[in-house]
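For reference, the structure is listed below as structure tokens.
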Amino acid sequence: RRQRQMCIRDRSKIKALPDIEHQTRQAKATVQRLKLQLKEQNSMSDKQLYVNAVKEAEATLKKLHENRFDLEDMFEHMM
């Protein structure tokens with residue numbers, strides 16, 4: 001399975017402050033799920049795939065955290 005990444009298209013899913021929290025919760029859940037699946041892998045090639053997926057998921061979560069305040073400011077100015 002390919003892990004979903006936040007990109008410019010995913011920002012369109014964030015239309016209000018609760019959406020930021022929802023996306024953050026989804027990203028955290030994805031990181032946790034991938035880490036659990038990584039532990040279950042037996043072959044080195046499968047483990048490497050999951051290691052890469054975990055890194056990508058963590059990067060997405062980090063981007064959400066970094067962009068959170070900018071998005072909150074954007075929504076405040078829209079109101």
Could you go through the side chain to side chain contact (heavy atoms under 4.5 Å, CB included) check for R68 and E21 one step at a time? CA-CA 9 Å; R68 181 182 181 105; E21 294 172 16; 3.7 Å; yes
By side-chain hydrogen bond (donor to acceptor under 3.5 Å, both in side chains), which residues pair with Q41, not counting sequence neighbours? none
State yes or no: do L49 and L38 share one hydrophobic cluster built from I, L, V, M, F, W and Y residues joined by side-chain heavy-atom distances below 4.5 Å, directly or via other members? no
Minimum heavy-atom separation for L34 to A57, with atom names? CD1-CB, 3.9 Å
Gap between atom CG of N67 and atom CG of D73 - 0.5 Å precision: 11.5 Å
Sequence neighbours excluded, the answer for side-chain contact (heavy atoms from CB on, under 4.5 Å) partners of Q32 is none
Partners meeting side-chain contact (heavy atoms from CB on, under 4.5 Å) with S43 (sequence neighbours left out): S45, D46
Looking at residues at least two apart in the chain, or sitting in another chain, which of them share a side-chain contact (heavy atoms from CB on, under 4.5 Å) with K35? V31, V54, E58
Give the minimum heavy-atom separation between K47 and N42, together with the two atoms involved. CE-O, 4.2 Å
Could you go through the side chain to side chain donor-acceptor pair (under 3.5 Å) check for E56 and N52 one step at a time? CA-CA 6 Å; E56 290 176 8; N52 292 338; over 6 Å; no
If the condition is side-chain contact (heavy atoms from CB on, under 4.5 Å), which residues does K28 pass it with, not counting sequence neighbours? T24, L61, H65
About how many Å separate OH of Y50 and CD of E40, when rounded to the nearest 0.5 Å? 8.0 Å
